[in-house]
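One structure below.
What you see is a predicted model; the values in this text were computed from it and never measured. Chain naming here is simple, since letters A, B, ... match the order of the sequence lines and numbering starts at 1 in each.
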Amino acid sequence: MIGSKKLQRHIEMQMTIDNLTQQIGSTGTLQGWLQQKRASKGLFFLVLRDGTGMVQCVVNQEKVDETSWQCATQATQESSLIITGEVLKDERQIGGVEIQVSSVEVIQYVDDYPITPKSHGIDFLMDHRHLWLRSRRPWAVMRIRNRIIMSIHKFFQERGFLQMDAPLLTKNAVEGTSTLFEIDYFGNPAYLTQSGQLHGEVMAMAFNKIYTFGPVFRAEKSKTRRHLIEFWMIEPEMAFYDLDMNMALAEDFLVRIASDVLSECDEELNLLGRNLDALQKVQSPFPRMTYTEAVELLKSDETRLKVKAKEEELHSEHSELQQERTSNQQNYGRLKEWKKRRVDAREIEINVRIGEIEEELRNLPQWWSSAESFEWGSDFGGSDETLLTWYFESPIIVHRYPEAVKAFYMKRDPEDDRLALGMDILAPEGFGEIIGGGQRADDLTFLEEQVRRHNLPKDAFEWYFDLRRYGTVPHSGFGLGLERTVAWICGIEHIRETIPFPRMLGRLSP
RNA sequence: UCCUCGGUAGCUCAACGGUAGAGCAUGCGGCUGUUAACCGCAGGGUUGUAGGUUCGAAUCCUACCCGGGGAGCCA
């Protein structure tokens, strides 16, 4: 059955939606799926998606044969189609073109595609992630993710970095042991990696500048919009780099990602409704402050005022929405039927937004009280990071943290032994930490002492100590969380939308 | 693990102690340029599960299951 259709078997004959603007005036064939259908007497408007984009195809009963007309009539959402027609310029359409159809063939008719054009709850969408990926929003997000991945490789390759892979199965626990996935390795325990960091250092000593790009796993029972169990991390590691060089590199890196996406993902950013000004402000130099300065800023009176201002803003939005709801209800009886439905739909929107505002209003006082009582020496929480980013429009770099909150392999600040030469980069608009890194300890005696202090198994780190025995040098590196970066660039609230198949607490399928 | 909100038609929601209802989706009919099209008609329900209170429970109570948001931890 399927074999009888006129599939475009020759690559050179295939037309795809992404390059239709170069084909205005010509006739060709598109293969894809029906995303949406609108009908009028003698006319069908078929919105076709082929993975590269979306285009409206106009089927006019007078201009197609009976078979094509029947196909258009019976085609339902996500039916697979072969459409032939002329590419016409039409400024009214997304992408600026539409297809005047001369023939429609159906590869498969579909019954009851679960994801309808109206809104869905997140649980339903996550259960149908395998189909949800076909929708517009995932289309835009995944294309931006791809663009970011390309930028990452280009950025490092142009600077002479070697891409090398760290193992996924390890014997070592880099972070705390509480978040490790343990597996059985022929009778011995092994762990899924949480970071390629230590092996990255090995490779930097062998190849000077390297970066790893791979998945890491954290068995944390965290349920927040910023956490995944399995996520992708990019970890450059550079020999002969100190903390300042490390920060400069990380800064150039983020500037490059933002500018590449801005210049090449217009349509995708638009579809997501991303505020482009915010991305344009990702420019060097990023504000830099020490941890100690950040703590002072966080506890300052100005932070309290910012929280107050935010609360007032939310209160006034809240009362505006309530007024709108009340006036809608008062006028409701006088409205025509179709208008009532619009009002009903708006009411749901208002209810959802009011719920969000009330949640934020409950959280804000807690944020301030946690900031106010923050003590030098502890690590920033999610809300603390958010408050800090409110001060700036570009990402900010916070460096020189108390050694106790940083990993055992961080080098100490020669000017203050209480500090580690670590740095984090916080993305603006409340997106928070996307990069963490620093200068690595290069002294054998110090590292051995650190391993002892952290109760880590010394034997397992012998190969790591060898790096300090045989030609140790100052070196640095950092880790970028890919999904958090995608979330920030796309302006997406929740990290689950930034990876094709998110692995979260209680979610392992599809 | 803790705090908090929720589970009603395939989907999104309403009904808040008294006859379970709308929109979308689906089917049929109408409309020759629609943009989440619009108009008319139709089918569609063991109200998450198990108990309890009550003349009467989707609604109140208890336990459990599942999910959302937040905290801790982190990229």
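- By the criterion of a centre-to-centre distance under 5.5 Å and near-parallel planes under 30°, the ring of A:F231 forms a stack with the base of B:A75.
- Comparing A:M233 and A:G42, the nucleotide of RNA chain B nearest to each residue sits closer to the 5' end for A:G42.
- Helical stems involving RNA chain B, defined as 3 or more consecutive Watson-Crick or G-U pairs under 3.5 Å, span B:1-7 with B:65-71, B:10-13 with B:21-24, B:26-30 with B:38-42, B:48-52 with B:60-64.
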Please enumerate all protein N or O atoms sitting under 3.5 Å from an N or O of nucleotides 12-14 of chain B, with distances to 0.1 Å.
from	atom 1	to	atom 2	distance (Å)
B:U12	OP1	A:G121	N	2.9
B:U12	O4'	A:S119	O	3.2

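- Using a 4.0 Å cut-off, some side-chain N or O of A:Q36 falls inside it from OP1 or OP2 of B:A37.
- For A:I434 against A:R484, the heavy-atom pair with the smallest separation is CG2-CB, 3.8 Å.
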Name the atoms and distances for all side-chain donor-acceptor pairs under 3.5 Å in residues 95-104 of chain A, with sequence neighbours left out.
from	atom 1	to	atom 2	distance (Å)
A:E98	OE1	A:Q56	NE2	3.3
A:S102	OG	A:T84	O	3.2

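- Contacts of A:H494 with the nucleic acid, taken as non-hydrogen atoms under 4.0 Å apart, involve only primed sugar atoms and P, OP1 or OP2.
- Residues passing the side-chain hydrogen bond (donor to acceptor under 3.5 Å, both in side chains) test with A:N270, sequence neighbours excluded: none.
- No option in A:Y241, A:F253, A:F156, A:F155 other than A:F156 meets the ring pair (Phe, Tyr, Trp, His ring centres under 6.0 Å) test with A:F161.
- Residue side chain A:E493 does not reach the base of B:G69 through any donor-acceptor N/O pair under 3.5 Å, judged by distance alone.
- Residue A:R38 places at least one side-chain N or O closer than 4.0 Å to OP1 or OP2 of B:A37.
- For B:G70, the OP1/OP2 oxygens have a side-chain nitrogen or oxygen of A:R225 closer than 4.0 Å.
- Within 4.0 Å (heavy atoms only), A:I435 reaches sugar-phosphate atoms of the nucleic acid but no base atom.
- For the pair A:L249 and A:M245, the minimum side-chain heavy-atom distance is 4.5 Å or more.
- Under 3.5 Å, the side chain of A:Q56 and the base of B:U34 form at least one donor-acceptor pair of N or O atoms.
- Separating the OH atom of A:Y401 from the C1' atom of B:C73 is a distance of 14 Å, rounded to the nearest angstrom.
- When the ring-ring contact (aromatic ring centres under 6.0 Å, His included) test is applied to A:H153, the partners found at least two apart in sequence or on another chain are A:Y211, A:F213.
- Mapping A:N60 and A:S383 onto RNA chain B via the closest heavy atom, the residue that lands nearer the 5' end is A:N60.
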For nucleotides 25-31 of chain B, 5' to 3', base contacts (B), sugar-phosphate-only contacts (S) and non-contacts (-) with protein non-hydrogen atoms under 4.0 Å give SS----B
